[in-house]
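One structure is given here, and the rest of the page talks about it.
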Number of protein chains: 2
Amino acid sequence: MVSVLTKVCKGRPREFDVDEALAAALRVFWSKGYEGASLTDLTDAMGITRPSLYAAFGNKEALFKKALDLYEREKLAYIGEALSAPTSREVAERLLTGALEMQTSECEPRGCLRVISTISCGQEADSVRADLMARRGSSHRAMLDRMQRAKDEGDLPPHVEAEAMTNYLLAILQGMSVQASSGASREQLQEVVRTSVAVWPGK
Amino acid sequence: MVSVLTKVCKGRPREFDVDEALAAALRVFWSKGYEGASLTDLTDAMGITRPSLYAAFGNKEALFKKALDLYEREKLAYIGEALSAPTSREVAERLLTGALEMQTSECEPRGCLRVISTISCGQEADSVRADLMARRGSSHRAMLDRMQRAKDEGDLPPHVEAEAMTNYLLAILQGMSVQASSGASREQLQEVVRTSVAVWPGK
DNA sequence: CTGTTTATATACCGTTCAGTATAGAACAGA
DNA sequence: TCTGTTCTATACTGAACGGTATATAAACAG
């Protein structure tokens with residue numbers, strides 16, 4: 001009997017590791033954007049041929065979405081952790097430092113894949129745009145809920161709205177991504193984080 | 001005798017208005033980015049043929065730089081005006097509202113052309129990247145000088161650095177551009193502006 | 001061993017890309 | 001009218017794009 005875990009299949013076994021190939025594809029999309037990444041760029045980085053890519057991942061669009069899944073699972077994990085902080089100021093600080101760490105890593109592309117893709121994705125890749133919008137929407141909602149909770153708890157002053165604080169904080173995070181993409185140093189972004197935390201109106 | 005101003009040239013006269021064509025090209029680059037704008041997109045919008053474009057503007061890259069010049073002259077004029085405001089808070093408020101007005105105009109593409117181009121411009125268009133970096137550098141320097149003056153005048157508290165405030169404010173402006181590009185409403189951005197001004201630490 | 005199934009390698013498909021060669025059309029001066 | 005100059009229109013170039021047809025190689029079951 002064959003183990004379910006080893007998952008032995010019938011035909012010729014695959015010669016590459018799907019997860020490794022996907023991680024390589026993620027790095028390509030991350031540094032070049034969806035449309036800027038050509039199939040040649042992708043297959044070169046993944047170390048596989050075009051037919052192998054299509055057999056394993058479907059097409060470029062499906063590969064991108066799987067890469068986005070991996071990105072959110074591995075690189076955006078700090079968001080969920082940050083939102084569980086006790087105060088809104090600490091939430092903001094953890095989100096900002098998390099973004100800082102992630103976007104200025106030495107061994108990874110700069111900036112946020114979502115921001116890069118949203119900006120650089122042309123109108124023709126409509127399905128990709130819609131997918132990015134939906135993913136951003138769920139993050140936005142999570143942050144909004146957390147800010148609303150902060151307001152309910154008296155953590156944020158009454159004259160600021162949860163929605164406004166959410167969009168304000170998101171703007172700083174997205175702006176940091178723009179600066180990271182265009183080569184800002186970790187120290188520069190560190191000062192943005194420090195300033196943002198310093199002026200944060202809540203507890 | 002022929003007037004110097006009318007500039008009558010020898011051969012067949014040009015059948016299109018160079019300024020109008022450049023304005024049309026600007027709108028294409030603005031909505032699609034440098035690499036996303038194809039020559040077909042450009043010539044269709046400009047109402048001219050490919051050889052006419054090359055004769056009048058050189059090539060795609062030169063056309064883009066001329067479009068950037070026009071953009072900065074006509075659409076970023078608010079920056080210089082904002083920097084002459086008396087207090088740092090007013091500077092910030094005018095920069096933010098200027099960006100808001102410009103980036104959410106009904107009859108123009110959303111977001112900031114510089115941000116869009118910086119993010120979506122691949123490594124291959126190296127000269128374009130360098131040009132964008134230089135342009136951003138000069139804006140950054142102007143803002144930094146203004147923030148330094150604010151510090152010298154006691155307008156900003158002593159514990160915040162001019163450089164940090166500059167990068168912080170720039171991040172918000174760039175984040176607003178990201179949000180505008182991805183379809184945020186004017187009201188949403190208005191709240192980002194209001195929040196940013198509300199938490200501004202200076203006079 | 002023979003089939004069957006799946007993965008790989010190569011070479012190709014039609015389309016679009018930025019850029020251009022060529023020929024004709026519209027002007028000025030002679 | 002003739003010539004020189006400059007713009008326009010059409011059609012084209014080689015390269016790159018995303019995606020695939022075809023043939024072969026490597027595993028399994030019988």
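In what follows, every chain begins at residue 1, and chains take the letters A, B, ... in the order their sequences are listed.
Among residues at least two apart or in separate chains, salt bridge (Lys or Arg N to Asp or Glu O under 4.0 Å) pairs with a member in residues 86-96 of chain B are B:Glu90-B:Arg94. Note on residues 164-178 of chain B: no pairs pass salt bridge (Lys or Arg N to Asp or Glu O under 4.0 Å), not counting sequence neighbours. Every pair passing salt bridge (Lys or Arg N to Asp or Glu O under 4.0 Å) that includes a residue from residues 54-67 of chain B is listed here, sequence neighbours excluded: B:Glu61-B:Lys65. For residues 139-149 of chain A, every residue pair satisfying the salt bridge (Lys or Arg N to Asp or Glu O under 4.0 Å) rule, not counting sequence neighbours, is listed here: A:Arg149-A:Glu153.
Residues satisfying the ring pair (Phe, Tyr, Trp, His ring centres under 6.0 Å) criterion with A:Tyr168, sequence neighbours excluded, are absent altogether. Residues meeting the ring pair (Phe, Tyr, Trp, His ring centres under 6.0 Å) test with A:Tyr71, sequence neighbours left out: A:Trp30. Taking the side-chain hydrogen bond (donor to acceptor under 3.5 Å, both in side chains) definition, one finds that A:Ser117 meets it with nothing, sequence neighbours left out. Applying the salt bridge (charged side-chain N to carboxylate O under 4.0 Å, His left out) criterion to B:Glu20, with sequence neighbours excluded, gives no partner residue.
For DNA chain D, the residues of residues 21-43 of chain A within the heavy-atom distance limit of 4.0 Å (strictly under) are A:Ala37, A:Ser38, A:Leu39, A:Thr40, sorted by number. Shown for residues 47-69 of chain B: residues whose heavy atoms fall under 4.0 angstrom of DNA chain D, namely B:Thr49, B:Pro51, B:Ser52.
Relative orientation of the A:Phe29 and A:Phe64 rings is perpendicular, given thresholds of 30° and 60° on the angle between their planes.
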For nucleotides 13-15 of chain C, which of its nitrogen or oxygen atoms have a protein nitrogen or oxygen under 3.5 Å away, and what is each distance?
none

What pairs of nitrogen or oxygen atoms, one from the protein and one from nucleotides 3-6 of chain D, lie under 3.5 Å apart?
from: D:dT6; atom 1: O2; to: B:Arg12; atom 2: N; distance (Å): 3.3

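Using a cut-off of 4.0 Å between Lys/Arg side-chain N and Asp/Glu carboxylate O, A:Arg12 and A:Glu15 are scored as salt-bridged. With salt bridges taken as basic N to acidic carboxylate O contacts below 4.0 Å, one links B:Glu101 and B:Arg186.
What separates CE of A:Met46 from P of C:dT8 is a distance of 11 Å, to the nearest Å.
Contact check for B:Leu189 versus B:Ser185: no side-chain heavy atoms found under the 4.5 Å cut-off.
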